[in-house]
Amino acid sequence: MAAPKPPMFFSTITVTLLILFQATPHGVQGLILTLVNNCPFTVYPAIQPNSGHPVLEKGGFPLPTLTHRSFPAPNQHWSGRIWARTDCTHANGKFYCATGDCNHQLECNGLGGASPATLAQFSLHHGHKDFSSYGVSLVDGFNVPMTITPHEGTGVCPVVGCRANLLATCPEKLQLRYPAGHGRVVACKSGCEAFGTDELCCRNHYNSPQTCRASSFSEFFKHACPATFTYAHDSPSLMHECSSPRELKVIFCH
């Protein structure tokens, strides 16, 4: 996702979601992807594949509070991202979400989502040891706490993400309010989203590891959630390679 960011849609740090299958004495079982909603409200998870990869679960669905949904990952390399849409309503024959909206559709069917939103990034089934690479990005801002937990994998398989609810501490200049203007804070923008400068967006002259640097805005996110990407050329080591996990669990809120 290091490419210049299109307006209102996820960009930077393109990361892939790796899903792998592992042999068992009883046959072949694939990697399971589980989304868990611990938020005190319904979220609408959205799943966007990278170009050339299939859409999973029609790209989006409702997930009521304190429920989960599990589904199999593809049995070959797959990459993409997952986020939560919040404050969603049906009105005037359209579906609309205050955060993470994908062109006013319940099922995103491959579309990206409006920023700001917390983003889970995956690359599944790659490398010589069937790696699943995964990370959580706040490069495009924050809307809900999110962590990724692998199960039964080997190698480097940490729990990563952001457990803190940054809506309460989001700097005023970064706050997204709904309804607009005087509503409550529903998301926290990135510096790029809020100000749009090449330096904060790591565009043009600033689009390289040498010139793209952390800012006071990205440091706000990094201080609260160190195990996340917070700007376009943040440390690549934040993408972890876990060999042959049985399940990757994405948890919204804690």
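For reference, positions follow the sequence shown, starting with 1.
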Peer 1: Hey, what do you get for SG (Cys102) to CZ (Phe95), rounding to the nearest 0.5 Å?
Peer 2: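 Those atoms lie 7.5 Å apart.
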Peer 1: Would you confirm whether Trp83, through its side chain, and Ile47, through its main-chain N or O, come within 3.5 Å as a donor-acceptor pair?
Peer 2: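 Not at all, since once roles are kept as given, no pair shorter than 3.5 Å links the two residues.
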Peer 1: What pair of heavy atoms forms the shortest contact from Cys225 to Leu138, and how long is it?
Peer 2: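 That would be CB-CD1, 4.1 Å.
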Peer 1: Short question: side chain of Ser137, backbone of Val139 - any donor-acceptor pair under 3.5 Å?
Peer 2: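 Side chain of Ser137 to backbone of Val139: a pair is present.
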Peer 1: For the atom pair CZ (Phe142) and OG1 (Thr118), what is the distance rounded to the nearest 0.5 Å?
Peer 2: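 With rounding to 0.5 Å, CZ (Phe142) is 4.5 Å from OG1 (Thr118).
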Peer 1: Roughly how far, to the nearest 0.5 Å, is the CG atom of Asp140 from the CG atom of Leu119?
Peer 2: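 Nearest 0.5 Å value for the CG-CG distance: 6.5 Å.
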Peer 1: Report yes or no: does Asn143 contribute a side-chain atom to a donor-acceptor pair with the main-chain N or O of Thr86 at less than 3.5 Å?
Peer 2: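 Checked: no pair found.
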Peer 1: What pairs with Lys58 under side chain to side chain contact (heavy atoms under 4.5 Å, CB included), at least two apart in sequence or on another chain?
Peer 2: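 For Lys58, the residues satisfying side chain to side chain contact (heavy atoms under 4.5 Å, CB included) (neighbours in sequence not counted) are Glu107, Asn109.
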Peer 1: Hey, does the side chain of Thr65 reach the backbone of Thr42 with a donor-acceptor pair shorter than 3.5 angstrom?
Peer 2: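 No, Thr65 side chain to Thr42 backbone: no donor-acceptor pair under 3.5 Å.
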Peer 1: So, for Leu176 and Ala98, which heavy atoms are closest and what is the spacing to 0.1 Å?
Peer 2: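 In this case the closest contact between Leu176 and Ala98 is CD2-O, 4.2 Å.
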Peer 1: Could you walk me through whether Phe217 and Phe195 pass the ring-ring contact (aromatic ring centres under 6.0 Å, His included) check?
Peer 2: CA-CA 11 Å; Phe217 304 110; Phe195 301 101; 5.1 Å; yes
Peer 1: Please name all residues satisfying ring pair (Phe, Tyr, Trp, His ring centres under 6.0 Å) with His151, sequence neighbours left out, ordered by chain then number.
Peer 2: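 In terms of ring pair (Phe, Tyr, Trp, His ring centres under 6.0 Å), with neighbours along the sequence ignored, His151 is linked to no residue.
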Peer 1: For Ser190 and Leu174, work out which heavy atoms get closest and say how close.
Peer 2: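 Residues Ser190 and Leu174, closest heavy atoms: O-CD2, 3.9 Å.
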Peer 1: Determine the minimum heavy-atom distance between Ser70 and Glu247, stating which atoms define it.
Peer 2: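 Heavy-atom minimum between the residues: OG-OE2, 4.4 Å.
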Peer 1: Compute whether any side-chain donor of one residue and acceptor of the other, for Ser79 and Asn50, lie under 3.5 angstrom apart.
Peer 2: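 There is such a pair (donor and acceptor under 3.5 Å, judged by atom type) between the side chains of Ser79 and Asn50.
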Peer 1: Relative to each other, are the rings of Phe71 and Phe61 parallel, tilted or perpendicular (30° and 60° limits)?
Peer 2: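 Rings of Phe71 and Phe61: perpendicular, over 60°.
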Peer 1: According to side chain to side chain contact (heavy atoms under 4.5 Å, CB included), who are the partners of Asn38, at least two apart in sequence or on a separate chain?
Peer 2: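 Only Val36, Leu66, Ile251, Cys253 meet the side chain to side chain contact (heavy atoms under 4.5 Å, CB included) criterion with Asn38.
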Peer 1: Output the distance between atom CG (Leu106) and atom CZ (Arg85), rounded to the nearest 0.5 Å.
Peer 2: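 Rounded to the nearest 0.5 Å, the CG-CZ separation comes to 6.0 Å.
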Peer 1: If Ile, Leu, Val, Met, Phe, Trp and Tyr residues are connected whenever their side-chain heavy atoms lie under 4.5 Å apart, and connections chain through other members, are Leu31 and Ile148 in the same group?
Peer 2: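 In one cluster: yes.
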Peer 1: According to a 4.5 Å side-chain heavy-atom criterion applied to Ile, Leu, Val, Met, Phe, Trp and Tyr, with indirect links allowed, do Leu56 and Ile82 form part of one hydrophobic cluster?
Peer 2: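 Yes, Leu56 and Ile82 fall within the same hydrophobic cluster.
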Peer 1: Donor-acceptor check, side chain of Asn103 to backbone of Gln105, threshold 3.5 angstrom: yes or no?
Peer 2: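 Side chain of Asn103 to backbone of Gln105, a donor-acceptor pair under 3.5 Å: no, none is there.
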Peer 1: Okay, side chain of Asp101, backbone of Cys97: is any donor-acceptor separation there less than 3.5 Å?
Peer 2: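 Such a contact is found between Asp101 side chain and Cys97 backbone.
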Peer 1: Roughly how far apart are Leu248 CG and Tyr134 OH, rounded to 0.5 Å?
Peer 2: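 Atom-to-atom, Leu248:CG and Tyr134:OH are 7.5 Å apart.
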Peer 1: What pairs with Arg69 under salt bridge (Lys or Arg N to Asp or Glu O under 4.0 Å), at least two apart in sequence or on another chain?
Peer 2: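 Arg69 satisfies salt bridge (Lys or Arg N to Asp or Glu O under 4.0 Å) with Glu57 only.
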Peer 1: Considering residues at least two apart in sequence or located in another chain, which fulfil the side chain to side chain contact (heavy atoms under 4.5 Å, CB included) criterion with Pro54?
Peer 2: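 Once residues adjacent in sequence are excluded, the partners of Pro54 under the side chain to side chain contact (heavy atoms under 4.5 Å, CB included) criterion are Pro74, Trp78.
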Peer 1: For Pro226 and Leu238, work out which heavy atoms get closest and say how close.
Peer 2: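 That would be O-CD2, 4.1 Å.
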Peer 1: Ring-plane angle category for His53 and His77, please: parallel below 30°, perpendicular beyond 60°, tilted otherwise.
Peer 2: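 Plane angle over 60°, so perpendicular.
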Peer 1: Could you name each residue pair satisfying side chain to side chain donor-acceptor pair (under 3.5 Å) that touches residues 214-224, not counting sequence neighbours?
Peer 2: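 Residue pairs passing side chain to side chain donor-acceptor pair (under 3.5 Å), neighbours aside: Lys222-Asp234.
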Peer 1: In a table with atom names and distances, give each donor-acceptor pair under 3.5 Å that connects a side chain of residues 156-172 to protein atoms at least two apart or in another chain.
Peer 2:
from: Arg163; atom 1: NH1; to: His254; atom 2: ND1; distance (Å): 3.2
from: Asn165; atom 1: OD1; to: Leu167; atom 2: N; distance (Å): 3.1

Peer 1: Establish whether Val144 and Val250 are linked, either directly or via other cluster members, by ILVMFWY side-chain heavy-atom contacts under 4.5 Å.
Peer 2: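 Yes, because Val144 and Val250 connect within a single hydrophobic cluster, where side-chain heavy atoms sit under 4.5 Å apart.
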Peer 1: Considering residues at least two apart in sequence or located in another chain, which fulfil the side-chain hydrogen bond (donor to acceptor under 3.5 Å, both in side chains) criterion with Ser235?
Peer 2: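 So Ser235 forms a side-chain hydrogen bond (donor to acceptor under 3.5 Å, both in side chains) with Ser237.
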Peer 1: Can you give the donor-acceptor pairs under 3.5 Å from side chains of residues 181-189 to other protein atoms, not counting sequence neighbours?
Peer 2:
from: Arg184; atom 1: NH2; to: Asp87; atom 2: OD1; distance (Å): 2.1
from: Arg184; atom 1: NH2; to: Asp87; atom 2: OD2; distance (Å): 3.2

Peer 1: Go through the steps to decide whether Gln121 and Phe229 satisfy the test side-chain contact (heavy atoms from CB on, under 4.5 Å), and finish with yes or no.
Peer 2: CA-CA 10 Å; Gln121 307 174 126; Phe229 293 93; 3.8 Å; yes
Peer 1: Do Phe252 and Pro45 make a side-chain contact, defined as non-hydrogen atoms from C-beta onward lying under 4.5 Å apart?
Peer 2: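 Yes - at least one pair of side-chain heavy atoms lies under 4.5 Å apart.
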Peer 1: Does the SG of Cys202 lie under 2.5 Å from the SG of Cys212?
Peer 2: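 Taking the criterion (SG atoms under 2.5 Å apart), Cys202 and Cys212 satisfy it, so yes.
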Peer 1: Looking at residues at least two apart in the chain, or sitting in another chain, which of them share a side chain to side chain contact (heavy atoms under 4.5 Å, CB included) with Tyr206?
Peer 2: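 Once residues adjacent in sequence are excluded, the partners of Tyr206 under the side chain to side chain contact (heavy atoms under 4.5 Å, CB included) criterion are Asp198, Glu199, Thr211.
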Peer 1: Would you give the length of the straight line joining atom CG of Leu35 to atom CE of Met146, rounded to the nearest 0.5 angstrom?
Peer 2: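 Rounded to the nearest 0.5 Å, the CG-CE separation comes to 8.5 Å.
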Peer 1: The criterion is side-chain hydrogen bond (donor to acceptor under 3.5 Å, both in side chains); which residues satisfy it with Arg213, sequence neighbours excluded?
Peer 2: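 Expected list: none.
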Peer 1: Nearest heavy-atom pair of Ser133 and Glu241: which atoms, and what distance?
Peer 2: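 Smallest interatomic distance, heavy atoms only, reads OG-CG, 3.4 Å.
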Peer 1: Please enumerate all residues that pass side-chain hydrogen bond (donor to acceptor under 3.5 Å, both in side chains) together with Thr67, with sequence neighbours excluded.
Peer 2: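 With sequence neighbours excluded, Thr67 shows a side-chain hydrogen bond (donor to acceptor under 3.5 Å, both in side chains) to no residue whatsoever.
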